[in-house]
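For reference, the structure is listed below as structure tokens.
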Amino acid sequence: MTSRKTGHRVHAFPKDKATLRHWVQFVRVRRADFAIPSVTKNSKVCSAHFTEEDYDQGDVRMVSLGLKSLAQLIPNAVPSVHTHLSACPALRPRGTKTGT
């Protein structure tokens, strides 16, 4: 999925409990109040927080050849890049809206 606002690819939180805990720990660096119960079907992490190695390398090659549109994250990928890109939207607490 790609964010219509920023153009970044966004990834839903994993269902695997161990990997989910790692994702939540990553988010907590920016949002200390973020916890597993905070994760909803709308919770996403943008592609700016992943390295190329986090993507299926077969998919990456297929994308580079134009045979596939998007490379998939490998199953145990964990966001690891703490970036301050202005194009990467900050996570918002549940129930808040942007542009208000």
Side-chain angles (χ1 to χ4, degrees):
M1 170 184 282
T2 303
S3 168
R4 283 180 264 166
K5 277 187 173 182
T6 67
H8 279 103
R9 178 131 184 246
V10 292
H11 301 286
F13 278 69
K15 294 186 184 342
D16 175 74
K17 299 256 189 238
T19 306
L20 173 64
R21 281 194 299 274
H22 289 294
W23 281 47
V24 168
Q25 287 173 343
F26 176 83
V27 172
R28 285 180 62 97
V29 169
R30 266 179 88 179
R31 277 209 27 218
D33 64 332
F34 196 79
I36 289 176
S38 305
V39 176
T40 70
K41 66 178 182 173
N42 298 318
S43 301
K44 309 283 189 253
V45 174
C46 85
S47 59
H49 298 290
F50 293 92
T51 66
E52 187 174 323
E53 291 77 27
D54 291 324
Y55 291 91
D56 181 289
Q57 293 305 300
D59 283 357
V60 170
R61 282 190 287 285
M62 297 285 274
V63 169
S64 69
L65 294 170
L67 301 173
K68 193 169 185 176
S69 61
L70 295 172
Q72 299 296 311
L73 283 175
I74 58 175
N76 60 344
V78 174
S80 61
V81 179
H82 291 282
T83 181
H84 296 288
L85 293 175
S86 60
C88 184
L91 292 169
R92 294 175 283 117
R94 264 194 264 179
T96 62
K97 296 180 180 179
T98 59
T100 56

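Fair warning: this is a prediction, and the values are worked out from it, not measured in the lab.
The hydrophobic cluster containing Val60 does not contain Val63, counting ILVMFWY residues as joined when their side-chain heavy atoms lie under 4.5 angstrom apart, directly or transitively.
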For the pair Gln57 and Glu52, evaluate side chain to side chain contact (heavy atoms under 4.5 Å, CB included) and give the outcome as yes or no after the intermediate values. CA-CA 8 Å; Gln57 293 305 300; Glu52 187 174 323; 4.1 Å; yes
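The shortest side-chain heavy-atom distance between Val81 and Thr51 falls under the 4.5 Å cut-off. Counting heavy atoms from C-beta outward, Leu20 and Lys15 have side chains that stay 4.5 Å or more apart. Proximity of Val78 to Phe50: side-chain heavy atoms (C-beta onward) are nowhere separated by under 4.5 Å. Side-chain contact between Pro79 and Trp23 is present, with at least one heavy-atom pair separated by less than 4.5 Å.
Between the CG atom of Leu73 and the OH atom of Tyr55 there is a distance of 5.0 Å, given to the nearest 0.5 Å. Rounding to the nearest 0.5 angstrom, the gap separating the NZ atom in Lys17 from the CD1 atom in Ile36 is 7.5 Å. Summarising the geometry, atom CD belonging to Gln72 is positioned 12.0 Å from atom CE belonging to Met62; distances are rounded to the nearest 0.5 Å. A distance of 6.0 Å separates OG of Ser38 from CZ of Arg31, quoted to the nearest 0.5 Å. Atom CG of Leu67 sits about 11.0 Å away from atom CG of Asp59, to the nearest 0.5 Å. The OG1 atom of Thr19 lies 9.5 Å from the CD1 atom of Ile74; values are rounded to the nearest 0.5 Å.
Ring geometry for His49 versus Phe26: interplanar angle over 60°, hence perpendicular rather than tilted (30 to 60°).
Among residues two or more places apart in sequence or in another chain, the side chain to side chain contact (heavy atoms under 4.5 Å, CB included) test is passed with Ser43 by Phe13, Val39, Thr40.
Side-chain atoms of Arg9 come within 3.5 Å of backbone atoms of Ala71 as a donor-acceptor pair (strictly under, hydrogens ignored). Between the Lys68 side chain and the Leu65 main chain, no donor and acceptor come within less than 3.5 Å of each other.
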